[in-house]
Number of protein chains: 2
Amino acid sequence: MITLTEENYIKAIYHLGNNGINSVNTNAIAEAMNTKASSVTDMVKKLSEKNYADYKKYQGVTLTDDGRRVAVNIIRKHRLWEVFLVEKLNFSWDEVHEVAEHLEHIKSDKLIDELDAFLEFPTYDPHGDPIPDKEGNFKHIEKIVLAKAEVGSTYKCVGVDDTSSHFLKYLDSNNIGLGTIITIKHKEPFDNSIKIALENSEIVVSQSVAKNLYLKKV
Amino acid sequence: MITLTEENYIKAIYHLGNNGINSVNTNAIAEAMNTKASSVTDMVKKLSEKNYADYKKYQGVTLTDDGRRVAVNIIRKHRLWEVFLVEKLNFSWDEVHEVAEHLEHIKSDKLIDELDAFLEFPTYDPHGDPIPDKEGNFKHIEKIVLAKAEVGSTYKCVGVDDTSSHFLKYLDSNNIGLGTIITIKHKEPFDNSIKIALENSEIVVSQSVAKNLYLKKV
DNA sequence: ATATATTTTTAGATTAGTCTAAAAATATTT
DNA sequence: AAATATTTTTAGACTAATCTAAAAATATAT
């Protein structure tokens, strides 16, 4: 049996280590999980014993195939619940994350498969992240970050990197959401701010916004 | 902060003690929760300290108003999730309980209020049990048990006492569900079995079935 | 009312997950 | 390459929830 805490560590290792492939160091995990490095050491030992992770003292940790399977399944559940919350229960995209963090740990294959069907097999969550299917396969999207978009080109917003509620609220208040069409007007080399055109307005966004908003060419 | 385990103990005390009003003894709780009496003693002490329960050594335990409020809220969540599972996710009424046991502990007022609205404010769960509203008020139904129904009268099935999957599957296989209309044909004094008429058939049910099926006169 | 049985509580141990502080290993600087 | 700084691990302690076994209280039977 896998515990809730173990699941959360596996998820963190997965996200921090480029799908669990790259080695992740103790401090990074501790930081991401709001805990102490010594607790992380204990837990990665345990995950290693249970064959969810490969761990060598002082060398960081990666996920095994088993560990990766667990991680992808949690991500699938998390993102499906997010779709449910936004589409059926009127949550805004900045409110979903916290609740989904809990719902993702409910263990029932029937529950999640039926939810998937009820939502008509969505392939992206409300932040534009792909939802793995039952077998763990992701759809892949050729997205680029706004900071690297070309002046003059037109794009569709397909996702965000930072899912903090501050950032998402900022986007909302500027009428930027998933699917919003924008055109790059000007890049300011001085501070790396970017002027973009929306449907009915032009706004200037800072470098930090430009680094966190994903686009797809249209 | 209230833990998942504390919530489960509060729920058990509520159910065993006629809504937490009657005193419940240690062994009964241990039995209901698949744990040992000594563990129960420890926990009821803790619940008492936290003001969810009133406990005196060797005298059993009752719930405080706070404890009762917690219990009713969990029951509300449990039953709303059951409605969701049956109505939206194609669960049958014998499959819902286990998953709802987990979903009931998710803590988010918005989640549960929106779910309530999404389901159009149901007042009964799939087993015929009333769903408390936001303020904790139950609808009450004047239900009687099949064993006490009158020969010759017609009734609607409104609930079950035993929610074990064996019993629910038995009902399913005999085409008895919530809302089914039945007429009492004959009571056999010898073994307390009862002959009932359904829409297109007549069946004889045993005493144990008759004690676990709730009816409302129509 | 005394003896016996049952129930409940206490005492002490265990496990999962966490922490602090010190020790050990690795990385960086001079 | 030695000295210093950083990262990681170990050792030992803590809390929540549990258990077993023994002791204490209550209930039942004779």
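Chain identifiers are assigned alphabetically (A, B, ...) following the order of the sequence lines, protein sequences preceding nucleic acid strands; residue numbering begins at 1 within each chain. Just the heavy atoms: all of them, side chains too, but no hydrogens, waters or symmetry mates, feed the values below.
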Between His105(A) and His102(B), does the ring centroid distance fall short of 6.0 Å?
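Aromatic pair excluded; centres sit 6.0 Å or further apart.
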Side chain of Met43(B) only, heavy atoms from C-beta on: which candidate in dC19(C), dT7(D), dT18(D) is closest?
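Nearest listed nucleotide: dT18(D).
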Nearest to side-chain heavy atoms of Tyr58(A), which nucleotide of dC19(C), dT20(D), dA24(C)
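That would be dA24(C).
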For [X] and [N], is the shortest distance between a side-chain N/O and OP1 or OP2 below 4.0 Å?
X	N	answer
Ser38(B)	dT18(D)	no
Asn27(A)	dT6(D)	no
Asn25(A)	dT8(D)	yes
Lys36(B)	dT9(C)	no
Tyr9(B)	dA16(D)	no

Roughly, in whole Å, what's the span from [atom1] in [X] to [atom2] in [N]?
X	N	atom1	atom2	result
Gln59(B)	dA24(D)	CD	P	19 Å
Ile29(B)	dT18(D)	CD1	P	12 Å
Glu6(B)	dT15(D)	CD	P	15 Å
Met33(B)	dC19(D)	CE	C1'	15 Å
Lys56(B)	dA25(D)	NZ	P	17 Å
Lys45(B)	dT10(C)	NZ	C1'	7 Å

Please name the residue in the list Val99(A), Leu115(A), Val96(A), Leu119(A) that meets the side chain to side chain contact (heavy atoms under 4.5 Å, CB included) test with Trp81(A).
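With Trp81(A) as partner, side chain to side chain contact (heavy atoms under 4.5 Å, CB included) holds for just one option, Leu115(A).
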What does Asp42(A) touch in the nucleic acid at a heavy-atom separation under 4.0 angstrom: a base, only the sugar-phosphate, or nothing?
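Base: the residue Asp42(A), judged by heavy atoms under 4.0 Å, touches a nucleobase.
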What nucleic acid atoms does Ser39(A) come within less than 4.0 Å of, heavy atoms only: base, sugar-phosphate, or nothing?
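The residue Ser39(A) makes base contact.
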base_contact_polar (dT10(D) base, Thr41(A) side chain, donor-acceptor, <3.5 Å)
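No, the side chain and the base share no sub-3.5 Å donor-acceptor pair.
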Starting from the C-alpha separation in whole Å, work towards a yes-or-no answer on salt bridge (Lys or Arg N to Asp or Glu O under 4.0 Å) for Asp161(B) and Lys211(B).
CA-CA 8 Å; Asp161(B) 187 29; Lys211(B) 276 183 173 166; over 6 Å; no
Toward the 5' end of DNA chain C, by each residue's nearest nucleotide, Lys57(A) or Thr5(A)
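Result: Thr5(A).
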Any non-hydrogen side-chain atom of Val160(A) less than 4.5 Å from a side-chain atom of Thr163(A)?
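Yes, their side chains come closer than 4.5 Å.
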Exceeds 12 heavy-atom contacts within 6.0 angstrom, atom CD of Glu98(A):
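Result for CD/Glu98(A): open.
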